[in-house]
Protein chains: 2
Amino acid sequence: MERNLKRRETMHRLHAVGLEVFHTKGYYNTSLDDILTELSLSKGAFYYHFKSKEDYFISIVQNLIVQKVYALLVEPLNEQENPLHAILDSLEKALEPGKSNEMAYGFMLNDFITEFNKRNAEISSYLKDILKVWEVNLVSVLKNGKTDGHIARHIDCEGVATYIIASYLGMRSLLSETNGRQLKYQYLQQLKHYFNSISERQTVA
Amino acid sequence: MERNLKRRETMHRLHAVGLEVFHTKGYYNTSLDDILTELSLSKGAFYYHFKSKEDYFISIVQNLIVQKVYALLVEPLNEQENPLHAILDSLEKALEPGKSNEMAYGFMLNDFITEFNKRNAEISSYLKDILKVWEVNLVSVLKNGKTDGHIARHIDCEGVATYIIASYLGMRSLLSETNGRQLKYQYLQQLKHYFNSISERQTVA
DNA sequence: AAACTAACCGACCAGCTGGTCGGTTTAAGT
DNA sequence: ACTTAAACCGACCAGCTGGTCGGTTAGTTT
């Protein structure tokens, strides 16, 4: 069983460090050696575990990013009765800077989407599918909100979902350490205004 | 005078084609030869006009992107009495796909900002400064809207500006040919809801 | 303990990239 | 006509990149 353990540990280290370095320096701007040096691993070790750099990245996405999206943006949606409250809370948490040395500002889907857009169709569509999952969950929970009387009946739920996603993605573009605190506050504040405008009664404090 | 003309023409071609190729393939993913081949120019010609690839890109930004931001997003702000109407109209135009063979979807600041973020501090901050110009103009026009009675008095203009910029940037991340028409419509629709929520009276149709 | 093989090593390679440089063409000045 | 220099050419280079491959180490099995 020692064998299997070693394998898992190495894979895990490659995933974790890979995600961090890819996100800070960008996929195309990061060489395998950058990562391997930091892990004290060799080329041989790498190509034993993955068949290419691309394969490696996709593996990271499947194992870490998908997970984060679910944990931060999908699962919290059903934890409150009022969907607008649930969405607000999830976004606030997702924009939270990581604790101390952890990766800052939740997850990094948007940066990767823009990096791969038009440069690598496969990875690009793969990443967009993740957004799609978020979207359908948003729409679903918004529609429930309609029947439960939290959201005005004339509202276009797909449109609202799109709008929320767009504003969130854009927000993450703007957030880069400096004055992040203030930006986040401003964003959530305005989002509340918006939510009030689509809500049945004024329930979003 | 023939000399000066030639110079200007070559520079102009380098700028135009460079912007297009950099945007479609990404700065780091575009080699100088990609551009030079398309223009039937040599390395020598290039390095006669610019001192580096970076210098080249900055020159493009100064000559073309800054211009586009002003023309599409800043100048239209003062062309209507109600700032919210003016903003809506400018965003609608800025999200318009280019005519036929021209570059699609207005300008491309966001893609470049994400590409250079954390990879090239100088260019990155340069690009963010352009956004800053847009922001201050938005804030200014919003504040006027307050005194003119178009916007509710308790509204935080800086927050509104940030929010508009974020949603616009995010929207452009989502727009990549497929179903662009629908996305754009959804976005503008929800933006109107939001504008109604911060407007003094319900004036945004 | 011998045989097997998962896990890893690291020298090496071909291809591409930004950048250099000595030379050539051609318009402008005298 | 002759000189000067702006504008351009294209062969060349060093450095880096993703990827290969023959070999080594060490856990597992028999």
Side-chain angles (χ1 to χ4, degrees), chain A residues 1-19 21-61 63 112 115-116 118-123, chain B residues 1-19 21-61 63 112 115-116 118-123:
Chain A
M1 260 300 118
E2 181 73 18
R3 274 317 229 301
N4 216 327
L5 208 88
K6 192 82 201 286
R7 181 188 183 83
R8 278 167 180 278
E9 195 208 311
T10 305
M11 284 283 264
H12 183 261
R13 292 204 305 148
L14 276 167
H15 279 153
V17 172
L19 179 60
V21 181
F22 279 145
H23 183 240
T24 24
K25 300 182 51 176
Y27 176 84
Y28 289 112
N29 211 36
T30 299
S31 72
L32 294 180
D33 280 328
D34 289 342
I35 295 166
L36 294 172
T37 304
E38 194 168 326
L39 286 171
S40 301
L41 275 178
S42 67
K43 274 278 175 64
F46 178 86
Y47 279 94
Y48 173 73
H49 289 283
F50 304 99
K51 70 181 224 286
S52 69
K53 188 186 180 186
E54 196 174 312
D55 173 62
Y56 173 44
F57 183 76
I58 291 181
S59 177
I60 290 179
V61 172
N63 282 279
F112 287 134
E115 179 166 13
F116 288 112
K118 305 238 187 173
R119 255 147 281 176
N120 186 317
E122 195 197 337
I123 295 190
Chain B
M1 258 300 120
E2 183 72 17
R3 279 308 236 301
N4 216 325
L5 209 89
K6 193 80 199 287
R7 181 187 184 85
R8 278 168 179 279
E9 196 209 309
T10 305
M11 283 284 266
H12 182 260
R13 293 205 304 148
L14 277 166
H15 280 154
V17 173
L19 179 61
V21 181
F22 279 146
H23 183 240
T24 25
K25 301 181 49 176
Y27 176 84
Y28 288 113
N29 211 34
T30 299
S31 71
L32 292 180
D33 279 329
D34 289 341
I35 295 166
L36 294 173
T37 303
E38 194 168 326
L39 286 171
S40 301
L41 275 180
S42 66
K43 276 278 176 65
F46 178 86
Y47 280 94
Y48 173 73
H49 289 283
F50 304 99
K51 69 181 226 285
S52 68
K53 188 185 180 186
E54 194 174 315
D55 173 60
Y56 174 42
F57 183 76
I58 291 182
S59 178
I60 290 179
V61 172
N63 282 280
F112 287 134
E115 179 166 11
F116 287 112
K118 306 241 188 173
R119 254 147 282 173
N120 186 317
E122 194 197 338
I123 295 191

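To find a chain, count down the sequence lines: A is the first, B the second, and so on, and within it residues start at 1.
The nearest whole Å value for the distance from the CZ atom in A:F57 to the P atom in D:dG18 is 14 Å. Here the P atom of nucleotide D:dC12 and the CG atom of B:D33 are 15 Å apart, to the nearest Å. Between the P atom of D:dA7 and the CZ atom of B:R8 lies a distance of 11 Å, rounded to the nearest Å. Per the geometry, CG belonging to A:N29 stands 15 Å off P belonging to C:dT17, to the nearest Å. The nearest whole Å value for the distance from the OH atom in B:Y48 to the P atom in D:dG10 is 18 Å. Distance B:F50 CZ to D:dC8 P: 11 Å, rounded to the nearest Å. Rounded to whole Å, the distance from OH on A:Y56 to C1' on D:dT17 is 16 Å. The separation between A:F46 atom CZ and D:dT17 atom C1' is 12 Å, rounded to whole Å.
For B:S42, the side-chain atoms get nearest to D:dG10 when compared with the rest of C:dA7, C:dG19, D:dG10.
For C:dC16, the OP1/OP2 oxygens have no side-chain nitrogen or oxygen of B:S31 closer than 4.0 Å. Regarding contacts with the backbone of D:dC8, a side-chain N or O of B:K6 is found under 4.0 angstrom from either OP1 or OP2. A sub-4.0 Å separation between OP1 or OP2 of C:dC8 and a side-chain N or O of A:H49 is present. Phosphate proximity of D:dC8 to B:T10: present, with a side-chain N or O under 4.0 Å from OP1 or OP2.
Taking the ring centroids of A:F116 and A:Y28, they lie under the 6.0 Å cut-off.
The closest donor-acceptor contact from the side chain of A:S59 to the backbone of A:D55 lies at 3.5 Å or more, if one exists at all.
Taking the six-membered ring for Trp and thresholds of 30 and 60 degrees, A:F112 and A:F57 have ring planes more than 60 degrees apart, a perpendicular arrangement. Using cut-offs of 30° and 60° for the angle between ring planes, the A:Y56 and A:F46 rings count as perpendicular.
By the 6.0 Å and 45° rule, A:K53 does not stack over the aromatic ring of A:F22.
Heavy-atom distances to DNA chain D give each of A:K51 and B:S40 a nearest nucleotide, and the one nearer the 5′ end belongs to B:S40.
Remark: the A:K43 side chain and the D:dG19 base include a donor-acceptor N/O pair separated by less than 3.5 Å.
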